[in-house]
Amino acid sequence: MELIIIRHAVAEEREDFAKKGQEDQLRPLTLKGRKKMQKVAVRLRDYVKNFDVIVSSPFTRARQTAEIVSQIYFETKVIEIPELVPQSPPQALLKWIRTQGRNYKRIAIVGHEPHLSTFASYLLTGKAESFIDLKKSGIIALEVESFAQAEVGAAQLLYSIPPKFLAE
């Protein structure tokens, strides 16, 4: 089973958006971020032909990123889960994958840092301490024996692709 981890694309600056009086979870992608993510998603198809589902944080910037990926992947279904908000512990996302992911072979998850790199590190090493630098629009692919029985520290890193490489 494959888990493709995607960090959201470039969003409006946090400080500038805060001046508008809106909550950070509503912060959208920039036009530049959208265009870059489209290029990344198109190039990602060279590595991953399809997803069974795209799972997204409910925050606007992650959802917009997931929608861009969905468009490139022939309208693959996007679902939002609270386990992908930045403050969620890696154990919560793992629980979701074990219970809800069992019907899938390849899942894309779209979220935030440092949550995503901490989760990937947790699956790879068993420690909830990030040692991965996941840039905006960056991708990490992990393989697990089974989503239903995903073991902490038992995932294998398939590849990590910086957005710079994919957006060229």
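In what follows, every heavy atom counts, from backbone to side chain, and hydrogens, waters and symmetry copies are set aside.
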Taking [Y] as the starting point, is it possible to reach [X] by hopping between hydrophobic residues whose side chains are less than 4.5 Å apart?
X: Ile4; Y: Ile97; answer: no
X: Tyr73; Y: Ile79; answer: no
X: Val53; Y: Ile81; answer: yes

Heavy-atom neighbours of Gln91 CD exceed 12 at 6.0 Å | yes
What closest approach, in Å, do [X] and [Y] show between heavy atoms, and which atom pair accounts for it?
X: Ser88; Y: His115; answer: O-CD2, 2.8 Å
X: Ile107; Y: Phe51; answer: C-CD2, 4.3 Å
X: Thr60; Y: Pro28; answer: CG2-CA, 4.0 Å
X: Ala128; Y: Tyr122; answer: N-CD1, 3.9 Å
X: Ala155; Y: Val144; answer: CB-CG1, 3.8 Å

Determine, step by step, whether Tyr47 and Ile139 satisfy the side chain to side chain contact (heavy atoms under 4.5 Å, CB included) criterion, reporting the C-alpha distance in whole Å, the side-chain angles of both residues, the deciding distance to 0.1 Å, and the verdict.
-> CA-CA 11 Å; Tyr47 298 87; Ile139 296 166; over 6 Å; no
In terms of side-chain geometry, is the basic nitrogen of [X] or [Y] positioned less than 4.0 Å from the acidic oxygen of its partner?
X: Glu12; Y: Lys20; result: yes
X: Glu67; Y: Arg63; result: yes
X: Asp133; Y: Lys135; result: yes
X: Arg27; Y: Asp16; result: no

With respect to Ser57, which candidate in Glu80, Glu83, His112, His8 satisfies the side chain to side chain donor-acceptor pair (under 3.5 Å) definition?
-> His112
Are Leu94 and Leu123 close enough, and set up right, to give a side chain to side chain contact (heavy atoms under 4.5 Å, CB included), and what steps lead you there?
-> CA-CA 8 Å; Leu94 180 58; Leu123 287 182; 3.8 Å; yes
Go through the side-chain N and O atoms of Ser130 and Thr118 and say whether any donor and acceptor fall under 3.5 Å apart.
-> no
About how many Å separate CD1 of Ile6 and CD1 of Ile140, when rounded to the nearest 0.5 Å?
-> 11.0 Å
Please check if the distance between the ring centroids of Phe147 and Tyr104 is under 6.0 Å.
-> no
